[in-house]
Amino acid sequence: MLFAITLHYLRPEQEVQAQLESHKTWLADNIRQGRILFAGPLLGGTGGFILAYAEQEAEIQQMIAADPFAIHQLAGFNTQVMTAAIRAESFPHMWAQQAKVI
């Protein structure tokens, strides 16, 4: 399943910046493990967006719980589960197997 995760900062920018490198390390680790497909900041500096993949939502919740932004209560996380119905041919089949290729 694919998970659209939106982060919204709860603390001042200075506190978020203090944990940014450890958050980036967490992102990179999860990308290497195949859980995060892509991630980046939202325009305006209010938070970020992550597209993730897992078999079960519990895996995503465990992943989020290990994020320094969650540990230090710097960001709130809104997780939406989605099923891909259509996909670009270049989007990896393994992450959207049931999606029709356009």
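By convention here, the first residue in the shown sequence is residue 1.
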Option passing side-chain contact (heavy atoms from CB on, under 4.5 Å) with Ile50 (candidates Thr79, Ile36, Leu37) | Ile36

Residues forming a side chain to side chain contact (heavy atoms under 4.5 Å, CB included) with Met1, sequence neighbours excluded = Phe3, Val81

Residues forming a side chain to side chain contact (heavy atoms under 4.5 Å, CB included) with Ile86, sequence neighbours excluded = Lys100, Ile102

Residue list, side chain to side chain donor-acceptor pair (under 3.5 Å) with [X], at least two apart or on another chain:
X     : result
Gln80 : Asn78
Gln97 : none
Glu15 : Arg11
Tyr9  : none

Any pair with a residue in residues 66-90 that passes salt bridge (charged side-chain N to carboxylate O under 4.0 Å, His left out), sequence neighbours left out, goes on the list, sorted by first then second residue, please.
->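 Qualifying pairs: none.
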
Taking only residues two or more places apart in sequence, or in another chain, which ones meet Glu55 in a salt bridge (Lys or Arg N to Asp or Glu O under 4.0 Å)?
-> none

The salt bridge (Lys or Arg N to Asp or Glu O under 4.0 Å) partners of Glu57 (sequence neighbours excluded) come to none

Qualifying side chain to side chain donor-acceptor pair (under 3.5 Å) pairs, either residue in residues 31-49, two or more places apart |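 Qualifying pairs, neighbours excluded: Asp29-Arg32, Asn30-Arg35, Gln33-Arg35.
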
With sequence neighbours excluded, give me every ring pair (Phe, Tyr, Trp, His ring centres under 6.0 Å) pair touching residues 11-34.
-> His23-Trp26, His23-Phe69

